[in-house]
Amino acid sequence: METRPLTLTEYITRSQQAFPQATGAFTLVMQGFALGCKIISREVNAAGLGQLIGLTGRRNVQGEIVARMDEFSNDTLVKTMTRTGAVCAIGSEELAVPIRLPASPTPGEYSAVFDPLDGSSNVDYAVPVGTIFGVYRRRSPREQLGGVEDLLQPPRDLIAAGYAVYGSSTILVLALHDGVHGFTLDPSLGEFLLSHPDMKVPPRGKILSVNTGNRFLWSDATQRAVAEMEKPRDGKPARTMRYVGSLVADAHRTLLAGGLFLYPADAAQPAGKLRLLYEAGPLAFLFEKAGGAATDGVRPILDRDPKTLHDRTPLILGSREDVARFAELSVEPATT
Ligand code: FDP
């Protein structure tokens, strides 16, 4: 009897069979992301050996310095998504404007958003980095080029989202119609194998993940809320701190272990640092599907309505009870 785990391709093909009307286009998009992540994983693992460490000397649309690996990862995903023939528009952290794909030879039924290499300032130091992505259904007329309206949709309308972490192993976590599942790359096979079926975020956790170096830039309410989460005054046990500084790695630990990841607004970044469309949105979709929660402190991230490709947002992500408690504690007092 066969005991090996399902491959990602087998899993997605089986899922497609639950939808007799499916054309296979969604399967192509998921396979495209899996292939892109395998290629990026290979290069990240060998980063110290090749030409891909260091900076390009360019700045992206957000003024951030572009690492060589950012550029490589973006090119890889743009190519794999374009080659699926199933995508009409692409939005990426590394693209100032979206890529709009033609209706011929086939009109793409989906649009794709991604942060090709999240945490890339860590890549030169062999610290885990990753890729975050989301898939929307097309909104523009099928006979036209895809457009920005295919990308600027609330995260609640995502039909799938996922991330890959390139760490001590490479893991791809996908939020699909039937839940959240993790697939670990078996390098000897070159295949992602189902290793974490039906993932659930614990309802509460003991880890707090936040860059406390920004403490002096936070509002008083945020400072008080973080202090209370660290060491509650009611005598509940103090939390332990973990902060990798790669969102995707911090989020993955939070998904498995529970607790709270925070990147609040601060005086230097009043709208927050993280990007709504291709960082916070897909992670919020995935966490909510796994029983966790994500808010900007005022509303669920899923209800935000992106106005531009590169909108930023504060992010409070993690176990449902911990997110609710932080949101309650960090409400700004009403001014009289
Ligand atoms: P990076 O600057 O390395 O690209 O997406 C931005 C991001 O990384 C996240 O991955 C990470 O969580 C955060 O910024 C780290 O920011 P700080 O260095 O300000 O803590």
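For ligands, and for the atoms within them, numbers begin at 1 and follow the listed sequence.
- If you check the side chains of Y263 and N214, you find a donor sitting under 3.5 Å from an acceptor.
- At least one heavy atom of R275 sits less than 4.0 Å from an atom of ligand 1.
- Annotation: N211 places an N or O atom under 3.5 Å from an N or O atom of ligand 1; distance criterion only.
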Using the ring-ring contact (aromatic ring centres under 6.0 Å, His included) rule, take F183 and Y11 through it: C-alpha gap first, then chi angles, then the decisive distance, then the call. CA-CA 10 Å; F183 300 83; Y11 190 89; 5.7 Å; yes
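- Residue L193 holds its CG atom at 7.5 Å from CZ of R4, rounded to the nearest 0.5 Å.
- Comparing D266, L247, I132 against atom 9 (C) of ligand 1, the shortest heavy-atom distance belongs to L247.
- Checked by distance only, ligand 1 and D250 stay at 3.5 Å or farther apart across all their nitrogen or oxygen atoms.
- Between D118 and ligand 1, a contact under 3.5 Å exists for at least one N or O pair.
- Inclusion of Y263 in the set of residues having an N or O under 3.5 Å from an N or O of ligand 1 is warranted.
- Set against the non-hydrogen atoms of S246, the atoms of ligand 1 under 4.0 Å away are 10 (O), 12 (O).
- Of the candidates I207, V226, I316, V210, L260 forms a side-chain contact (heavy atoms from CB on, under 4.5 Å) with just one, namely I316.
- The salt bridge (Lys or Arg N to Asp or Glu O under 4.0 Å) test with E230 is passed by exactly one of R215, K236, R239: R215.
- Backbone and side-chain nitrogen or oxygen atoms of Y243 are examined, and one is located within less than 3.5 angstrom of a nitrogen or oxygen of ligand 1.
- For ligand 1, the atoms sitting less than 4.0 Å from at least one non-hydrogen atom of E279 are 5 (O), 6 (C), numbered in the order shown with element in parentheses.
- Counting heavy atoms under 4.0 Å from ligand 1, residue S121 touches it through both backbone and side chain.
- R233 CZ: 12 or fewer foreign heavy atoms inside a 6.0 Å radius.
- In this structure, R312 contributes its side chain and K273 its backbone to a donor-acceptor pair below 3.5 Å.
- For atom 2 (O) of ligand 1, the closest heavy atom belonging to the protein is K273 NZ, 3.1 Å.
- Around the NZ atom of K79, the shell of radius 6.0 Å holds no more than 12 heavy atoms that belong to other residues, nucleotides or ligands.
- Each of the atoms 3 (O), 4 (O) of ligand 1 lies under 4.0 Å from some heavy atom of S120.
- Proximity annotation for atom 11 (C) of ligand 1: of G245, G119, A280, S209, G245 comes nearest, heavy atoms only.
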Does the ring-ring contact (aromatic ring centres under 6.0 Å, His included) test come out yes or no for F133 and F33, once each step is laid out? CA-CA 8 Å; F133 55 88; F33 274 120; 4.0 Å; yes
